[in-house]
Amino acid sequence: MALRAAVAAPRGLRRLFSTSPFSSSLNPPQRPQAEPSTNLFVSGLSKRTTDETLRDTFSAFGEVVHAKIVKHRESGYSKGFGFVKYATLEAAGKAIEGMDGKFLDGWVIFVEYAKPRQPPTLPSQNNTNFQYGRQ
DNA sequence: ATTGAGCGT
């Protein structure tokens with residue numbers, strides 16, 4: 001299964017295979033490291049991995065402010081990826097170095113900086129503000 | 001209701 005996960009690996013693995021002479025400056029990777037953030041995107045998770053497991057695993061690298069597995073709203077069924085937010089950028093960096101490409105619940109996971117979830121929006125009438133992408 | 005690309009109810 002680790003093999004399957006490795007094959008299904010998202011672009012997180014590309015830097016592990018960045019030995020191509022063409023991937024230096026002539027052919028830059030489409031998605032280099034996202035801009036550093038305290039917020040991390042974690043993919044490749046087992047569908048049985050929970051928020052607790054995520055939080056517990058990543059708290060080894062620093063103070064985890066928020067850890068969440070993305071799942072369907074009603075069914076609660078995991079989508080297989082999640083987000084971890086640290087108190088500091090250094091902790092986030094250490095978590096990437098320490099957990100990217102490693103195993104969790106039998107699956108190879110990939111850790112990278114998360115994209116900001118939503119642009120600054122008008123503080124209008126019915127705004128349920130979930131904003132984890134801010135530092 | 002375990003099994004797969006991806007960025008959140």
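Numbered from 1 within each chain, the chains take letters A, B, ... in sequence-line order.
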Considering only distance and modelled atom types, tabulate donor-acceptor pairs under 3.5 Å from the side chains of residues 49-57 of chain A, sequence neighbours left out.
unit_1, atom_1, unit_2, atom_2, d
A:T49, OG1, A:S46, O, 3.4
A:T49, OG1, A:D105, OD2, 2.7
A:T50, OG1, A:E52, N, 3.3
A:T50, OG1, A:T53, N, 3.2
A:T50, OG1, A:T53, OG1, 3.2
A:D51, OD1, A:I69, N, 2.8
A:R55, NH1, A:V64, O, 3.2
A:T57, OG1, A:T53, O, 2.6

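Distance CD1 (A:I96) to P (B:dC7): 16 Å, rounded to an integer number of Å. One interatomic measurement links the two molecules: NZ of A:K68 to P of B:dG8, which rounds to 10 Å at whole-angstrom precision. A straight line from NZ of A:K71 to C1' of B:dG6 spans 17 Å, rounded to a whole angstrom. In this structure, the CG atom of A:L104 is 18 Å from the P atom of B:dT2, given to the nearest Å. Taking atom CZ of residue A:R117 and atom P of nucleotide B:dG8, one finds them 7 Å apart after rounding to whole Å. Rounded to whole Å, atom C1' of B:dG4 lies 14 Å from atom CD1 of A:I69. Residue A:I109 contributes atom CD1, which lies 17 Å from atom P of B:dC7 at whole-angstrom precision.
Nucleic acid contact class of A:S75 (heavy atoms, under 4.0 Å, all strands): base. Counting any heavy atom pair closer than 4.0 Å across all strands shown, A:K79 reaches a base atom.
Although no hydrogens or angles enter the test, the distance criterion places no donor-acceptor pair under 3.5 Å between the side chain of A:H66 and the main chain of A:V84.
For the contact set between residues 45-61 of chain A and DNA chain B, defined by any heavy atom under 4.0 Å, the members are A:L45, A:S46, A:R48.
Sequence order on DNA chain B of the closest nucleotides to A:H72 and A:F81 puts A:F81 first from the 5' end.
Centre separation under 5.5 Å together with a plane angle under 30° does not hold for the ring of A:F41 and the six-membered base ring of B:dG6, so they are not marked as stacked. Aromatic stacking of A:Y77 on B:dA1: satisfied, with centres closer than 5.5 Å and planes within an angle under 30 degrees.
The line from CD of A:E63 to NZ of A:K85 is 11.5 Å long, rounded to the nearest 0.5 Å. Within the model, atoms NZ of A:K68 and CZ of A:F83 stand 8.0 Å from one another, a figure rounded to the nearest 0.5 Å.
Applying the ring-ring contact (aromatic ring centres under 6.0 Å, His included) criterion to A:F81, with sequence neighbours excluded, gives A:F41.
Contact annotation: the side chain of A:N39 never approaches that of A:Y113 to less than 4.5 Å [non-hydrogen atoms, C-beta and beyond].
A sub-4.0 Å separation between OP1 or OP2 of B:dG8 and a side-chain N or O of A:K115 is absent.
Minimum interatomic distance between A:F58 and A:A95 (heavy atoms only, all atoms of both residues): CD2-CB, 4.0 Å.
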